[in-house]
Amino acid sequence: MEEKLLKPYNPKETEERIYKLWEDSGFFNPDNLPDERHKSFTIVMPPPNANGDLHAGHTLFITLEDIMIRYKRMAGFKTLWLPGADHAGFETQVVYEKKLEKEGRSRFGMDPNDLYKEILDFTLLNKKNMETQVRSLGASCDWSREKFTLDPDVVEKTQDTFVKMYNDKIIYRGKRAINWCYKHQTSLSEVETESSEELSPLFYLKYGPFSIATVRPETKFGDKYVVMHPDDKRYAEYKHGQKIKLEWINGPIEATIIKDEAIDMEFGTGVMTITPWHSQIDFEIAKRHDLDTEQIIDWRGKLLGIANEFAGMNIKDARAKIVEKLKAKGLLIKIDEKYQNVIKKCYKCGTVIEPQIKDQWFVKMAPLTKLALNSVNRGEIKFIPDNYEKIFRYWMENSIDWNISRQIVWGIPIPAWFKGEEFKVSKEKPNGEGWTKDPDTFDTWFSSGQWPLMTTGFPKHEDFKKYYPTDVMETGHDLIFKWVPRMVIFGLYLAQKAPFHTVYLHGLVNDAQGKKMSKSKGNVINPLTLTDKYGTDALRMALIVGNTPGTDLALQENKVKGYKHFANKIWNITRFVLDNTKDVEPANASALIDECNKTIKDVTEDMENFRFYLASEKLYHYLWHRYADEIIEESKKNEEVKKSLFYILENSLKLLHPFMPFITEEIWSILPARKNLLMVEKWPLAKLGASDQKKNDNK
RNA sequence: GCGCGGUUAGCUCAGUUGGUAGAGCGACUCAUUUACACUGAGAAGGUCGGGGGUUCAAGUCCCUCACCGCGCACCA
């Protein structure tokens with residue numbers, strides 16, 4: 001009897017040592033795996049943001065992916081789990097700016113190179129920290145292949161893709177209304193904004209003979225076009241292009257009548273004026289009719305010269321004053337106080353997004369989303385749970401062109417050069433004088449969208465040939481728009497193959513009451529506190545049992561505690577079995593062994609179908625309430641039963657290993673005559689019992 | 001507004017192709033040093049959100065309503 005078995009199971013004494021054993025074995029790397037393995041199984045790890053500690057969500061995804069990988073490794077596959085770290089462009093810049101703020105500093109006015117250097121140091125430190133934490137969770141990933149999203153080859157290839165897409169006319173530079181965040185001083189893509197419904201006053205203003213409605217009177221200074229639907233009989237007397245004179249906020253102006261079908265005749269009076277610089281729809285109208293456009297609000301949220309006496313005023317403060325003036329001039333008809341409208345905000349700071357017209361780099365989405373849609377139609381990508389296919393399709397059918405340039409330093413530089421109005425796309429500086437580099441960086445999803453390609457070494461590396469397309473993409477359901485479609489698109493566009501055949505989406509990890517964790521609510525559960533208290537295996541089980549894909553999970557500490565007890569139970573089972581079977585001749589067949597084989601079969605089927613929430617629960621129940629409570633108890637009275645005990649223990653450890661790798665490996669190491677690490681033992685074959693065999697023969 | 005998901009025991013949730021309701025935790029009764037008190041045995045607890053339909057049979061399929069959560073939304 002091993003000394004250590006006498007004490008209760010102590011995860012702290014075990015985990016670090018066992019992880020080292022695994023890592024030193026080299027088996028995380030598929031090239032080193034024993035036996036001939038022909039089929040590969042690959043998962044590219046969603047690279048955690050290297051800007052802070054791992055949270056409960058990371059723990060869940062690492063556990064899920066580790067389960068898949070460990071299962072497939074034991075099942076004889078050449079398994080590659082490819083880890084990474086994400087510089088997380090805007091996200092990290094925001095984290096760092098908060099840090100600067102706390103220190104009484106600001107990124108504005110800093111030398112961009114200094115800022116970059118500081119954020120790089122910060123990120124590399126966090127990256128190291130993050131890697132340690134991933135290890136502590138038992139992740140059996142191949143660290144020798146780890147990628148960072150700012151590795152030189154990733155930067156280079158991202159830029160190559162950009163150049164290629166520009167040459168293929170899928171990327172263009174142009175003026176469009178972009179989402180501008182005043183706080184962060186950058187444009188944002190659609191997925192980086194949040195819309196919320198709010199009640200705002202709707203002002204009805206007298207515009208010459210018309211009544212127009214607006215929630216934003218502070219943008220109306222330059223409105224000199226009045227638009228109505230061509231079929232609107234109420235305004236048949238006004239002709240397209242007709243000029244009318246009227247009194248406006250800052251004096252008399254000449255306005256032009258525009259007829260355009262974008263106008264909803266049912267809404268309000270059916271007449272509106274347009275502010276093309278600060279509204280996409282107005283910009284489209286202006287473009288269609290070749291109208292003038294003028295900026296009203298500057299990049300800091302202050303009114304420009306056109307606002308006369310209001311110039312320089314912050315738009316927040318200006319509104320009330322402008323309304324006052326409109327009222328004094330008799331231009332305010334009425335106010336609808338409770339108008340419900342949609343406000344777009346920066347998803348990081350909540351600042352109201354200002355549409356601004358800006359020259360930016362855009363990806364034409366239509367040809368790309370078509371590739372992705374066709375691939376899904378051909379059945380090349382399976383979603384778990386399957387209702388996400390519908391959500392994926394919706395996005396594919398409705399996406400608008402993607403703004404990929406950000407006005408932040410923390411990211412991959414866009415390989416473009418400017419000279420006056422001229423621009424050139426190239427990694428190298430063009431010949432001739434006066435070229436300056438585009439100061440913008442890529443939207444982080446532009447590079448991470450190519451992650452399965454980058455990590456496998458597209459296009460030439462041996463790994464790309466061996467492991468691409470990968471097998472499973474396992475990630476949070478919140479990334480169904482942000483990340484998943486972009487990977488599919490880039491995979492199809494660059495490599496003509498979808499990057500994975502299965503997308504497994506897990507839910508969010510919430511607090512014990514099922515409420516979303518957030519720092520402001522103070523309900524954040526640090527997974528490392530839990531692993532420290534109960535052991536990693538216990539936390540892994542608590543995250544997996546009963547947690548169906550796509551569904552959010554309420555993380556209860558008691559549940560984790562319960563699985564710590566389970567770990568100890570397995571410990572004691574081992575102790576009993578080793579003590580009581582020393583002189584027992586093991587049986588080759590018995591009803592109990594048949595029953596065990598039935599469990600092997602069930603669990604294997606669940607593993608094959610990604611039903612980890614069921615497999616884990618079955619194992620828990622079988623080991624504790626069948627094996628320990630009944631079979632072992634029976635063995636105390638019945639010598640015959642003892643002959644089957646070892647078979648069950650051995651196979652149960654194998655089945656349980658993907659879920660609770662540390663304790664199972666630890667026990668495996670003290671079983672008599674063990675040579676291999678459990679992590680590379682063969683997954684048990686479900687030998688069919690006599691009754692099952694008969695059924696099969698009849699087929 | 002459109003879409004998706006949910007509503008099952010006190011709490012958190014399972015229930016895989018329709019076949020007499022399950023787990024964990026909690027609460028209750030008992031056992032008292034056992035491989036294991038990080039234990040064991042037992043019992044309690046649900047008209048599966050409401051209504052309608054299909055079926056021999058519905059928590060499960062269809063329709064409908066209500067409530068909760070989430071996502072998407074350029075009608076000024």
Side-chain angles (χ1 to χ4, degrees), chain A residues 1 5-6 8-9 177 179 190-191 194-197 202-205 212-216 219-220 223 227 262-275 278-285 339-342 344 353 355 385 387-388 390-391 393-395 398-400 477-478 480-481 507-508 510-516 534-535 538 541-542 545-548 550-580 602 605-606 609-611 613-614 616-618 620-621 624-625 628-629 632-633 635-636:
Chain A
M1 167 61 82
L5 267 177
L6 292 173
Y9 174 60
N179 301 302
E190 298 312 308
V191 296
E194 268 172 6
S195 306
S196 64
E197 273 187 13
L202 181 67
F203 304 93
Y204 285 82
L205 307 178
I212 60 156
T214 183
V215 285
R216 304 196 61 196
T219 65
K220 294 280 153 193
D223 287 20
V227 194
I263 301 300
D264 182 354
M265 289 189 271
E266 306 294 313
F267 186 86
T269 55
V271 182
M272 70 176 205
T273 61
I274 57 169
T275 314
H278 301 287
S279 153
Q280 178 64 26
I281 190 162
D282 292 5
F283 184 71
E284 300 287 332
I285 293 171
Y339 173 69
Q340 199 169 52
N341 73 329
V342 175
K344 239 191 213 181
I353 290 293
N387 62 301
Y388 278 89
K390 222 173 167 177
I391 297 171
R393 281 171 185 279
Y394 177 85
W395 197 81
N398 292 283
S399 64
I400 60 174
H477 68 51
D478 52 327
I480 185 68
F481 291 148
L508 300 174
N510 293 323
D511 75 3
Q513 281 73 43
K515 297 270 177 288
K516 197 169 173 172
Y534 305 109
M541 281 296 273
V545 176
N547 181 13
T548 46
T551 307
D552 294 351
L553 170 86
L555 178 56
Q556 302 188 2
E557 186 162 341
N558 264 347
K559 194 174 172 188
V560 186
K561 194 172 153 192
Y563 291 108
K564 178 191 157 69
H565 295 177
F566 179 52
N568 197 50
K569 191 76 185 178
I570 301 166
W571 197 249
N572 285 308
I573 286 172
T574 308
R575 196 158 123 187
F576 179 90
V577 172
L578 292 189
D579 269 350
N580 289 277
D602 280 359
E605 265 174 33
D606 286 338
N609 291 292
F610 300 92
R611 293 190 297 252
Y613 60 104
L614 283 184
S616 50
E617 191 178 3
K618 272 176 197 162
Y620 173 88
H621 198 264
W624 197 321
H625 299 300
D629 289 350
I632 286 181
E633 286 307 312
S635 79
K636 292 175 183 170

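Numbers restart at 1 for each chain; the letters A, B, ... are given by sequence-line order, proteins then strands.
The side chain to side chain donor-acceptor pair (under 3.5 Å) search around D511(A) returns N523(A), not counting sequence neighbours. Every residue two or more places apart in sequence or in another chain that forms a salt bridge (charged side-chain N to carboxylate O under 4.0 Å, His left out) with K636(A) is listed here: E633(A). The salt bridge (charged side-chain N to carboxylate O under 4.0 Å, His left out) test applied to R611(A) returns D606(A), not counting sequence neighbours. In terms of the side chain to side chain donor-acceptor pair (under 3.5 Å) criterion, T269(A) has no residue partners (sequence neighbours excluded). Residues meeting the side-chain contact (heavy atoms from CB on, under 4.5 Å) test with T219(A), sequence neighbours left out: R216(A), T275(A), I297(A). Evaluation of the salt bridge (charged side-chain N to carboxylate O under 4.0 Å, His left out) rule for D223(A) yields K220(A) as partners, not counting sequence neighbours. Listed by chain and residue number, nothing satisfies the salt bridge (charged side-chain N to carboxylate O under 4.0 Å, His left out) test with K561(A) (two or more places apart in sequence, or in another chain). The side-chain contact (heavy atoms from CB on, under 4.5 Å) search around E557(A) returns L530(A), K533(A), Y534(A), not counting sequence neighbours.
Residue contacts shown for T275(A) are absent, as no nucleic acid heavy atom lies under 4.0 Å away. A628(A) comes within 4.0 angstrom of a base, heavy atoms only. Counting non-hydrogen atoms under 4.0 angstrom, Y9(A) reaches nothing in the nucleic acid.
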Enumerate the protein-to-nucleotides 59-63 of chain B contacts in which both atoms are nitrogen or oxygen and the separation is below 3.5 Å.
none

Between N or O atoms, less than 3.5 Å apart, protein on one side and nucleotides 24-28 of chain B on the other: list the pairs.
| from | atom 1 | to | atom 2 | distance (Å) |
| --- | --- | --- | --- | --- |
| rG24(B) | OP1 | H625(A) | NE2 | 3.3 |
| rC25(B) | O2' | N558(A) | ND2 | 2.9 |

Could you list, one pair per line, each protein nitrogen or oxygen that sits under 3.5 Å from a nitrogen or oxygen of nucleotides 74-76 of chain B, together with the distance?
| from | atom 1 | to | atom 2 | distance (Å) |
| --- | --- | --- | --- | --- |
| rC75(B) | O2 | D264(A) | OD2 | 2.9 |
| rA76(B) | OP2 | Y339(A) | OH | 2.6 |
| rA76(B) | O2' | A213(A) | O | 2.9 |
| rA76(B) | N6 | D264(A) | O | 2.7 |
| rA76(B) | N6 | F267(A) | O | 3.0 |
| rA76(B) | N1 | D264(A) | N | 3.4 |

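With distances taken from any side-chain atom of K564(A) to the nucleotides rU16(B), rA35(B), rC38(B), the minimum falls on rC38(B). With distances taken from any side-chain atom of K569(A) to the nucleotides rC4(B), rC36(B), rA14(B), the minimum falls on rC36(B).
Nearest heavy atom pair, residue K515(A) against residue N510(A), reads O-CB, 3.2 Å. Pairing each heavy atom of A512(A) with each of A554(A), the nearest pair is O-CB, 3.6 Å. Considering every non-hydrogen atom in both V560(A) and A542(A), the closest pair reads CG2-CB, 3.6 Å.
Taking atom CG of N609(A) as the reference point, atom P of rU17(B) lies 11 Å away to the nearest angstrom. Put simply, OH on Y394(A) is 12 Å from P on rC2(B), counting in whole angstrom units. A straight line from CG of L614(A) to P of rC13(B) spans 17 Å, rounded to a whole angstrom. In this structure, R393(A) places its CZ atom 15 Å from C1' of rC4(B), rounding to the nearest Å. Atom OH in Y534(A) sits roughly 13 Å away from atom P in rC38(B) (whole-Å rounding). What separates CD1 of I573(A) from C1' of rG40(B) is a distance of 14 Å, to the nearest Å. Between the CZ atom of R575(A) and the C1' atom of rU33(B) there is a distance of 12 Å, given to the nearest Å. Remark: P of rU39(B) and CD of E633(A) are 14 Å apart, rounded to the nearest angstrom.
The same atom, P, is picked in rC13(B) and in rU8(B); the two are 10 Å apart, to the nearest Å. Across the C1' atoms, rG52(B) and rU12(B) are found 32 Å apart, a figure rounded to whole Å. rC62(B) and rG1(B): their P atoms are spaced 24 Å apart (whole Å). Nucleotides rC68(B) and rC48(B) have their P atoms positioned 22 Å apart, rounded to a whole Å. Rounded to the nearest Å, the gap between the C1' atom of rC11(B) and that of rU16(B) is 26 Å. If you take atom P in rG42(B) and the same atom in rG5(B), they sit 41 Å apart, rounded to whole Å. Atom name P, nucleotides rC28(B) and rC70(B): the rounded distance is 35 Å, in whole Å. Rounded to a whole angstrom, the distance from the C1' atom of rA23(B) to that of rG45(B) is 14 Å.
When each of G550(A) and N580(A) is assigned the nucleotide of RNA chain B bearing its nearest heavy atom, the one mapping closer to the 5' terminus is G550(A). Map T548(A) and E197(A) each onto its nearest nucleotide of RNA chain B; the residue landing nearer the 5' end is T548(A).
Counting only heavy atoms from C-beta outward, the side chains of Y388(A) and I391(A) approach each other to under 4.5 Å. For the pair F566(A) and I570(A), the minimum side-chain heavy-atom distance is below 4.5 Å. Put simply, the side chain of D552(A) reaches to within 4.5 Å of the side chain of H477(A), judged on heavy atoms. Counting heavy atoms from C-beta outward, I573(A) and W624(A) have side chains that stay 4.5 Å or more apart.
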- Query: Can you give the dot-bracket line for RNA chain B, using ( ) for pairs inside the strand, [ ] for pairs that cross earlier ones, | for pairs with another strand and . for unpaired bases, where Watson-Crick and G-U count if both distances are under 3.5 Å?
  - Reply: (((((((..((((.....[..))))..((((.......))))......(((((..]....))))))))))))....

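Ring pair Y9(A)/W571(A) is tilted by interplanar angle, where 30° to 60° counts as tilted.
Taking only side-chain nitrogens and oxygens, Y613(A) comes nearer than 4.0 Å to OP1 or OP2 of rG15(B).
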